[in-house]
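Here is the structure we will look at, set down as structure tokens.
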2 protein chains.
Amino acid sequence: MSCFEKFHELLKERGFRLTPQREAIVEALHQVQGDTVTAERIHELVGQLEPGIDLATVYRTLEMLSQIEFVKSIDSGGKVRLWQFVGAEDPHPHLLCRSCGMLFGVEPAELEQLSGQLRELYGFDIDIGQLTIPGLCPACRQGR
Amino acid sequence: MSCFEKFHELLKERGFRLTPQREAIVEALHQVQGDTVTAERIHELVGQLEPGIDLATVYRTLEMLSQIEFVKSIDSGGKVRLWQFVGAEDPHPHLLCRSCGMLFGVEPAELEQLSGQLRELYGFDIDIGQLTIPGLCPACRQGR
DNA sequence: ATGAATGCAAACCTTTTGCATGTCA
DNA sequence: TGACATGCAAAAGGTTTGCATTCAT
């Protein structure tokens, strides 16, 4: 099942309507794939596909998409909220470079040991998919 | 050396001035100890100690305090920034409960293996002291 | 037909900034 | 005295909301 089919399916399932605006926004998210984007950036991209779509609509749609888990809201540490298209993928952790702002996906499996350890030591159940680890990426480490 | 002595010391060292406002703000942070607070909350607390201190001053002071590493800015995921008094302690990672908002300190040593692993696999150098791991705390896990 | 979605504009909220005034060193 | 800190008010900037209108179902 294609991504768009899945999208239509989920909308119907949850009683949301299919509108040209929503299609354009999903299309734009599709373009940036796994990259994280601001609502503003999506608004720009959408403007090229279908001009005249309001920023408020972008926000409302992102909100709706996160309800159907098509999009995930990322915690960037700054004041801007970041969004990421996840489509059918599982949520996964990220590495966030404090210098260049780049975000890298990490295999959840890499963190299994950490997860077990924290569970054992503190009884704490971590949300691996929500984890964003700050630090310095290889490129920035060398460039300074 | 007491916390306040250390505070005075650090101010002098970095050329910052000691003002009643700054003392009151540090006092308020002292009251909430390891808890995370918003600038707004600090402003309330400070208002009880010494009325008339402006919110802008709270912000400017928190900024200054984070420069001398008396306070740490925490990434809550929401739109509000959280602050935590760290005083003389070294920065350390935290566990953040998504349900009750409680924040727990973690021994940096617990994360050494993770740190090495990410360094090896991705060349990524993590800021252990800045790491905040989201999840569910023991109490909230049981309460639902 | 009718309730949901949109566009527009205004409101909101947290944080930041400019500027005149006050104050610590 | 002189640079730094404060209070006040206004600006900024991202996000949300109210409302009349349009549109998908």
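Values reported hereafter were calculated over all heavy atoms of this structure, with side chains retained and with hydrogens, waters and symmetry mates removed. Reminder, nothing fancy here: chain letters follow the sequence lines and each chain counts from 1.
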Task: C:dT14 OP1/OP2 closer than 4.0 Å to side-chain N/O of B:R81 - done: no
- [ ] Would you indicate whether the side-chain heavy atoms of B:H8 and B:L18 approach each other to under 4.5 Å?
- [x] yes
Task: Interatomic distance, A:Y59 OH vs C:dC8 C1' [rounded to whole Å] - done: 16 Å
Only distances under 3.5 Å count here; give the side-chain donor-acceptor pairs of residues 24-32 of chain B to other protein atoms, sequence neighbours excluded, each with its distance to 0.1 Å.
none

Task: Nearest-nucleotide 5' precedence on DNA chain C, B:E40 against A:P51 - done: A:P51
- [ ] Could you tell me the separation between the CD1 atom of A:I68 and the CG atom of A:L10, rounded to the nearest 0.5 Å?
- [x] 5.0 Å
Between the protein and nucleotides 20-25 of chain C, are there any N/O to N/O pairs under 3.5 Å, and if so, what are the atom names and distances?
from	atom 1	to	atom 2	distance (Å)
C:dC24	O3'	B:L18	O	3.4
C:dC24	O2	B:R17	NH1	3.0
C:dA25	OP1	B:L18	N	3.2

Task: Nearest-Å distance for atom pair CE/C1', residues A:M64 and C:dA5 - done: 10 Å
Open item on the list: Expressed as a whole number of angstroms, how long is the span from B:K12:NZ to D:dC4:P?
Closed with: 17 Å
Open item on the list: Under a plain distance cut-off of 3.5 Å, with no hydrogens placed, do A:H92 and A:K72 share a side-chain donor-acceptor pair?
Closed with: no
Open item on the list: I need the CG-C1' distance between A:L55 and D:dG14, as an integer number of Å.
Closed with: 9 Å
Open item on the list: For a quick test of reading the model: is some side-chain N or O of A:R60 closer than 4.0 Å to OP1 or OP2 of C:dT6?
Closed with: no
- [ ] Round to a whole Å and report the spacing from CZ of A:R22 to C1' of D:dC23.
- [x] 12 Å
Open item on the list: How many whole angstroms separate atom CZ of B:R14 from atom P of D:dC4?
Closed with: 14 Å
Task: Between C:dA5 (P) and A:E50 (CD): distance, integer Å - done: 17 Å
Open item on the list: With each end axis built from five pairs of C1' atoms, what bend angle do you get for the helix from C:dA1-D:dT25 to C:dA25-D:dT1? Round to 10°.
Closed with: 30°
Open item on the list: Starting the side chain at C-beta, find the nucleotide from D:dT15, C:dT16, C:dG7 nearest to A:I53.
Closed with: C:dG7
Task: From B:Y59 atom OH to B:T61 atom OG1, the distance as rounded to the nearest 0.5 Å - done: 12.5 Å
- [ ] Go through the side-chain N and O atoms of A:Q21 and A:E50 and say whether any donor and acceptor fall under 3.5 Å apart.
- [x] no
TODO: Take atom CD1 of A:I42 and atom P of D:dT15, then tell me their distance rounded to the nearest Å.
DONE: 12 Å
Open item on the list: Between B:H43 and B:I53 (side chain of the first, backbone of the second, donor and acceptor by atom type, cut-off under 3.5 Å), is there such a pair?
Closed with: yes
Task: Beyond-backbone contact of B:C97 with B:C140, side-chain heavy atoms, under 4.5 angstrom - done: yes
Task: Ion pair check, B:E44 and B:R41, cut-off under 4.0 Å - done: yes
Open item on the list: Tell me whether the side-chain N/O atoms of A:T57 come closer than 4.0 Å to OP1 or OP2 in C:dT6.
Closed with: no
